[in-house]
There are 2 protein chains.
Amino acid sequence: MLSMKTQYAFQALMYMAQQQHNRPVLIAEISEQKLIPIKFLENILLQLRKAGLLESKKGKGGGYYFAKQPADIKLSSVMRLLDGPIALLPCVSLNWYTKCKGCEETCCGLNKVMKDVRDASLAILETSTVADIAGTSLAKTPCI
Amino acid sequence: MLSMKTQYAFQALMYMAQQQHNRPVLIAEISEQKLIPIKFLENILLQLRKAGLLESKKGKGGGYYFAKQPADIKLSSVMRLLDGPIALLPCVSLNWYTKCKGCEETCCGLNKVMKDVRDASLAILETSTVADIAGTSLAKTPCI
DNA sequence: TATAAAGTCTACTAATTAGGTAGACAAATG
DNA sequence: CATTTGTCTACCTAATTAGTAGACTTTATA
């Protein structure tokens, strides 16, 4: 399961992407609307900013806004940033690969299956973006 | 990522399935061959036995053996048993469903994507078995 | 130029989980 | 009955997760 951190990050990014205006969005506003503990949310947004997904502005009229287009932020990037590997085994991770102790990868049946799972997941997570989950990527039929 | 517990469980199950004889397999033997801390392995095998996957015999000549056929043990069962949910979000879990705080599922884009990821993963994990990963399900070309 | 409204930063802390250990006990076999 | 094996209860430690406190900096604007 995704950590609360990542779950909150997705909620926050969706909320931001759904705003019509293009003023910066307040941490406090996101926190209230999405029921996310404010100090925790601060950390998360800061991390997203440092990774170059968001930008911020201090002082009155400040807040957070997108540094990259929501349509250019893959779900997989957010997950890797906050939760680390997407793969189920270290010997199958693209970004955090380490060899397994007891197993010879080239002939390990588990390795093969877990690679398939990884690829199947990534096929979705690398092509889905914040704009997609926010419902702002297509002409919008408002949600009933 | 899978916990060490689940990773060890897979190693142990593969090892057991690969034995040619049909005598019970010793905890100590699995532990040595697969480099798994023995006391930790005891717990894991016990858990697999209580769940009905394995059976055991005490005393001399004892050890663990399969209660179900390796070909009937899905990877998803082992994972659920030891690690819990396979889904990435609680609102998308088949076996441990809980509603998300801030979101209206029917119109949550994230929910939809994560359902797709779950289904893609399960398509593989529900059809792969211990026999598959042990390489004993087909006529065997020995691994080079 | 003071003040209030924002984000930033460092440093905690509490709870949970992961990973592992110790040792007495029970059952089976020969 | 002695030995070999799994069983059970109860721990323990370290890491991670989730969250909090509070002083600080920057900025707009009155």
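Computed from a predicted model, the values in this text were never measured in an experiment.
In this structure, Q18(B) contributes its side chain and A134(B) its backbone to a donor-acceptor pair below 3.5 Å.
Within the 4.5 Å cutoff, side-chain heavy atoms of L45(B) are placed close to those of I30(B). Contact check for L54(B) versus F66(B): side-chain heavy atoms found under the 4.5 Å cut-off.
With distances taken from any side-chain atom of M4(B) to the nucleotides dT27(D), dA18(D), dG19(C), the minimum falls on dG19(C). Closest approach to the L46(B) side chain among dT27(D), dT20(D), dC8(D) is made by dC8(D) (side chain taken as heavy atoms from C-beta onward). Listed nucleotides dA21(D), dG6(D), dG19(C) differ in distance to K39(A); the shortest reach to its side chain belongs to dA21(D). Of the candidate nucleotides dG6(D), dC9(C), dT27(D), dG6(D) has the atom nearest to the side chain of K58(B).
Under the 4.0 Å criterion applied to side-chain N and carboxylate O atoms, K112(A) and D116(A) are assigned as salt-bridge partners.
Between dT16(D) and S3(A), no contact under 4.0 Å exists linking OP1 or OP2 to a side-chain N or O. Contact annotation: S56(B) reaches the phosphate of dT7(D) (side-chain N/O to OP1 or OP2, under 4.0 Å). Within the structure, a side-chain polar atom (N or O) of Y8(B) is placed less than 4.0 Å from OP1 or OP2 of dG20(C). For dT5(D), neither phosphate oxygen OP1 nor OP2 lies less than 4.0 angstrom from any side-chain nitrogen or oxygen of Y64(B).
Annotation: of the two residues near DNA chain D, D83(A) and G59(A), the 5′-most nearest-nucleotide partner is D83(A). Take the nearest nucleotide of DNA chain D for R49(B) and for K60(B): the residue whose nucleotide is more 5' is K60(B). Remark on DNA chain C: of its neighbouring residues K50(A) and G61(A), the 5'-side contact belongs to G61(A), judged by nearest-heavy-atom nucleotide.
Computed from coordinates, the L2(A) CG to dA18(D) P distance equals 10 Å when rounded to whole Å. At whole-Å resolution of the value, CG in N43(B) and P in dC12(D) are 16 Å apart. Here the P atom of nucleotide dA18(C) and the CD1 atom of I44(B) are 12 Å apart, to the nearest Å. Rounded to whole Å, atom C1' of dT13(D) lies 13 Å from atom CZ of F40(B). Rounded to an integer number of Å, the gap from CD of Q7(B) to C1' of dA18(C) is 12 Å. Here the P atom of nucleotide dC9(C) and the CD atom of E42(A) are 11 Å apart, to the nearest Å. Regarding R23(B), its CZ atom lies at a distance of 14 Å from the P atom of dG6(D), rounded to whole Å. Here dG19(C) presents its P atom at 19 Å from CD1 of I38(B), a figure rounded to the nearest Å.
Within 4.0 Å (heavy atoms only), L26(B) reaches sugar-phosphate atoms of the nucleic acid but no base atom. Counting any heavy atom pair closer than 4.0 Å across all strands shown, I27(B) reaches sugar-phosphate atoms only and no base atom.
T129(A) pairs in a side chain to side chain contact (heavy atoms under 4.5 Å, CB included) with only one of the listed residues (L125(A), D132(A), I133(A), T127(A)), which is D132(A).
To the nearest 0.5 angstrom, N111(A) atom CG is 4.5 Å from C91(A) atom SG.
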